**Student:** 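Okay, handing you the structure first.
Each chain gets a letter, A, B and so on, in the order the sequences are listed, and its residues count up from 1. This one's a predicted model, so the numbers in the text were calculated from it and none came from an experiment.
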2 protein chains.
Amino acid sequence: MSTKNSTKLKNAKAVAERAGVSEMTVSRFFRNPDLLSDDTRQRIADAVAAFNYVPNRMAQNLRNTTSDICALLVPTVTNSVFVDVISEMSIELEKVGFHVMVSSTGYDMEKEAQLLDTVMSFRPAAIVMPGLEHLPAIKERLRELTIPVVEIMDLTSEPIAYGVGFDQHVAQAALMEHLWSKGYRKYGFVGTFLDHDIRAAKRKDAASAFLKCHGTKFLAESVLDIGSSPEVGMCAMAGMFEQLEHLDVLICSNDDIATGVLTFLHEHGIDVPGQIAVVGFNNLHFSAHLTPSLTTIDTRRPQIGRETARLLVDLLQGREPKNRIIDTGFELFARDSA
Amino acid sequence: MSTKNSTKLKNAKAVAERAGVSEMTVSRFFRNPDLLSDDTRQRIADAVAAFNYVPNRMAQNLRNTTSDICALLVPTVTNSVFVDVISEMSIELEKVGFHVMVSSTGYDMEKEAQLLDTVMSFRPAAIVMPGLEHLPAIKERLRELTIPVVEIMDLTSEPIAYGVGFDQHVAQAALMEHLWSKGYRKYGFVGTFLDHDIRAAKRKDAASAFLKCHGTKFLAESVLDIGSSPEVGMCAMAGMFEQLEHLDVLICSNDDIATGVLTFLHEHGIDVPGQIAVVGFNNLHFSAHLTPSLTTIDTRRPQIGRETARLLVDLLQGREPKNRIIDTGFELFARDSA
DNA sequence: CTGAAAGCGCTTACAG
DNA sequence: CTGAAAGCGCTTACAG
C-alpha cells in the first residue's frame, strides 16, 4: 500500500515567516482578519498570494475535532435517480461550507458495510444513504453513530434517525390506480436486479398487492438480474415475447427498463399503447421524449436533495429540525404510453 | 460559519487502553499486524470491534504528509458525459485505496477558480479536471502544483501536464464527413451554452471549418445560453422553425439538444430523416432508443475514466507513465436519424 | 514483540 | 493587536 503521495504546499509557518509574523497571526488572518492591523493584514495577504496558500483542512478538522465532510453512500452514480439528488444536495451544502463526499456501493450490501468503514475514517459530520434496508450489523452501527444519519429515497419503513423521500408503495399504487382506471386488466411485469435494488422490489410488491386487491395478478413476468439499462429491458422483453398477446399492459421496474421495452416493441411492430401499454418509474430526463412518451412516476429527486440538505444544515448547526421524516411526494406523469 | 460539527468516535488511545497496550501497538495492528503476538492482536481486535474503531484518516494523512484523495472538478454531475467518467475512475482508484472527491463548477470559470482553493485545502494527491480552457490565473496555478494534474475529455490543445480524452475537432469532423458523404448539403446548427461549454464550442468551430472547406456554411443557427436539456433543444428549435425548409440536416451541440429537436420535429409532423436529418454528440445511454435512433459520436467515457485512473495510479505510485497524453478516441454511431 | 518521544499543520486559551 | 504553549489523532524513528 505505498499508494500515497506527498503534497508539498506551503504551510502557515512559511507564510508567517515571509510576512514576519507568527503562525497564530496567519491563522487569525483567515478566521478573524479584523483583529489584525492593516499593515499586518496586508503583509500576510501578500505572502498568502505569493504561495497560493490555503489552510490545510485536515489539520483544521483534526485540531477542532470537527468535520466539514458529509458522506453520501449511493448504489451508483451512473443512474440519474441518485445523481439528481446528489447534485442538489451538494449545491445547498456547499453554500454553508460543507463538502459532499460520494461513495458507490454498487448495489452490494457487503460492500456497503465495507464502505462504511472507509467513510467513517474521514470522520464525516453526517451520513446520507438510501434507506432503509441494510445488513443488520450495519443498521446497528448506524444506530450507534453520534452523527446525523439521513436515509433518503424510500419512506416505506421507519428510518434509523431521519428520512427524506417518498413511499415507494404509495407511488406505485398511484400508478396502478391510473392504469386500472383506464381499463387495463391484463398485467405483465418486466424488471431486473430486484434482489439488489430494494426499492424496485418494493414497487413490484406494491403492484402485486394492488392486483391482488383487484382479484388478479401478474399474468407474465420477466425478471433478469444484471442491472438496469435499456438493453437489459430489451433482453427481458425478449424473454416473454410469446406471452405478450395475453397482456394489455407492462409494468417495468423503472424507466431504463421501460425504454428498452419500448424499443423492443417498436422493432417488432407492436403498437404502444394500442396493442399493449407500458409504464416505467422515476421519470428520467429523456422519458418524455421517447416514442411514445413514457407514462411514469416522477420521484422529485431535486426536492429530495434540497430537503436533505436543509435537514442536514439544521442538524449540523445544532438546531432540532421540525420533522424527523420529510415526505417529498411524487407525481404521476400520464403520457402517451399508457 | 459555525457550521462545523463534532464527531466523537473512539480514538486509538481508547482502543489501546481497553486492550491494555500502547497507542503504537494499536497503530501497528492496522499497518503491520504480523509484528504483534497472537494474544495482543486478538485483544486489540476485540477492542476495535467493540468500538467499531477505524483510524482517523485526517490524522494519518496529516502525520504522513500524504493524501489519499483525488480531486475531480467537473462542470456538472447531472450530465452523464461526466458521470460515466467519474464512475469508472472511482472504481479503479478505490481499488488502490484512493478516494475520489468530486466538485462541480457549474460551467463557471470564476467558480472553478474559487473551487480550486477549496479543493487544495484538502491537500489532494492529484487533480483531475476537464481540459484545457481555464482562466489564465488558474492555468498558472495548476502549472505550479507539485501534484499530478490530469486534464480530461478534450485533447484539442496542449495539456498542462497530462491529458486523457479525444480531439473534439477530429471527432466532429468525422461526423461531418459522414453527413457529407451521405449527400447532405444544407446545414443548420442548434445548440446552447457555447460560451460556457467550451467543448461544445470547439465542436461547432470544427463543423464550421469543415463546411468552409467544402464551400458552404451553416445556413441557419439557433443558439441559446441556458444549459443543455431536451427542453432547451425544443426551445432552440422553435426559434428557427421558419428556416427549416431550407435545410436538410441539423447539427446539434449534443445529444440532449438533439433529443428535444427530435421531439419538436415529431410534434410538428416533420419526418426525420426524410425531410430533415439530425445528429447529436456524446451518445448518451438512451440515444439509441429515441425515434428515430440518433446518429451521434460516442465519446468513450468509461475508457477515459479507466485510462485516467490508470495514469493516476502510475503517477501516484511514483512511476513515470509511458505517455503524457492518452487519446481514447471516439466512435461514429450512424443510426437512423441521419 | 512493544513503547516513549516528537511532530504533521493547524487553533484554542491564555498572556501580554 | 500579537505570540508561546499545548494538543487534535495519528505514525516515524529510535530504543529496548
**Student:** Nearest-nucleotide wise, let me know which of Ala12(A) and Val21(B) is further upstream toward the 5' end of DNA chain C.
**Tutor:** Val21(B)
**Student:** To the nearest angstrom, how far is Arg63(A) atom CZ from dT11(C) atom C1'?
**Tutor:** 5 Å
**Student:** Looking only at side-chain N and O atoms, does Asn61(B) come under 4.0 Å of OP1 or OP2 in dC8(C)?
**Tutor:** no
**Student:** Please determine if Arg141(B) and Asp117(B) form a salt bridge, counting it only when a charged side-chain N lies under 4.0 Å from a carboxylate O.
**Tutor:** yes
**Student:** Nearest-Å distance, CE (Met58(A)) to P (dG7(D))?
**Tutor:** 24 Å
**Student:** Does dT11(D) have its OP1 or OP2 closer than 4.0 Å to a side-chain nitrogen or oxygen of Ser27(B)?
**Tutor:** yes
**Student:** Hey, are Glu88(A) and Arg306(A) close enough for a salt bridge, meaning a charged N less than 4.0 Å from a carboxylate O?
**Tutor:** yes
**Student:** Heavy-atom nearest nucleotide on DNA chain C for Leu62(B) versus Glu23(B): which residue maps closer to 5'?
**Tutor:** Glu23(B)
**Student:** So what's dA4(C) paired with, Watson-Crick or G-U wobble, going by both distances under 3.5 Å?
**Tutor:** none
**Student:** Looking at dA13(D), which nucleotide sits across from it as a Watson-Crick or G-U wobble partner, both distances under 3.5 angstrom, or is there none?
**Tutor:** none
**Student:** Please determine whether a side-chain nitrogen or oxygen atom of Arg57(B) lies at a distance below 4.0 Å from atom OP1 or OP2 of dG9(D).
**Tutor:** no
**Student:** Nearest whole angstrom, please: distance from the P of dA4(C) to the NZ of Lys13(B).
**Tutor:** 12 Å
**Student:** Taking 4.0 angstrom as the limit, do Asp314(A) and Arg310(A) come out as a salt bridge?
**Tutor:** no
**Student:** Does any part of the side chain of Val128(B), heavy atoms only, come nearer than 4.5 Å to the side chain of Cys70(B), both counted from C-beta?
**Tutor:** no
**Student:** Output yes when Glu158(A) and Arg324(A) qualify as a salt bridge under the 4.0 Å nitrogen-oxygen rule, no when they do not.
**Tutor:** yes
**Student:** Measure from CG on Asn11(A) to P on dG9(C) and round the result to the nearest Å.
**Tutor:** 5 Å
**Student:** Under 4.0 Å from any atom of DNA chain D, heavy atoms only: list the residues of residues 33-53 of chain A that qualify, in numerical order.
**Tutor:** Leu35(A), Leu36(A), Ser37(A), Thr40(A)
**Student:** With Lys10(A) as the cation and Phe51(A) as the aromatic partner, state whether NZ or CZ is under 6.0 Å from the six-membered ring centre and within 45° of the axis.
**Tutor:** yes
**Student:** Grab the NZ-C1' distance between Lys10(A) and dC8(C) for me, whole Å please.
**Tutor:** 16 Å
**Student:** Distance check needed: dC8(C) P versus Leu9(A) CG, whole Å only.
**Tutor:** 16 Å
**Student:** So if I take every side-chain heavy atom of Gln60(A) and compare against dA4(C), dC10(D), dC10(C), which nucleotide ends up nearest?
**Tutor:** dC10(C)
**Student:** Considering heavy-atom distances to DNA chain D, does Thr25(A) or Ala59(A) have its closest nucleotide positioned more toward the 5' end?
**Tutor:** Thr25(A)
**Student:** Given dG9(D), dG9(C), dA13(D), identify the nucleotide with an atom nearest to the side chain of Met24(B).
**Tutor:** dA13(D)
**Student:** Report the residues that fulfil side-chain contact (heavy atoms from CB on, under 4.5 Å) with Ala59(B), sequence neighbours left out, ordered by chain and then residue number.
**Tutor:** Leu62(A), Asn56(B)
**Student:** With distance as the sole criterion, do the side chain of Arg28(A) and the base of dG3(D) form a donor-acceptor contact below 3.5 Å?
**Tutor:** yes
**Student:** Between atom CZ in Arg31(A) and atom C1' in dG3(D), what is the gap in whole Å?
**Tutor:** 13 Å
**Student:** So, are Asp38(B) and Arg41(B) salt-bridged, with charged N and O less than 4.0 Å apart?
**Tutor:** yes
**Student:** Without decimals, in angstroms, what is the distance between Arg123(A) CZ and dG9(D) C1'?
**Tutor:** 8 Å
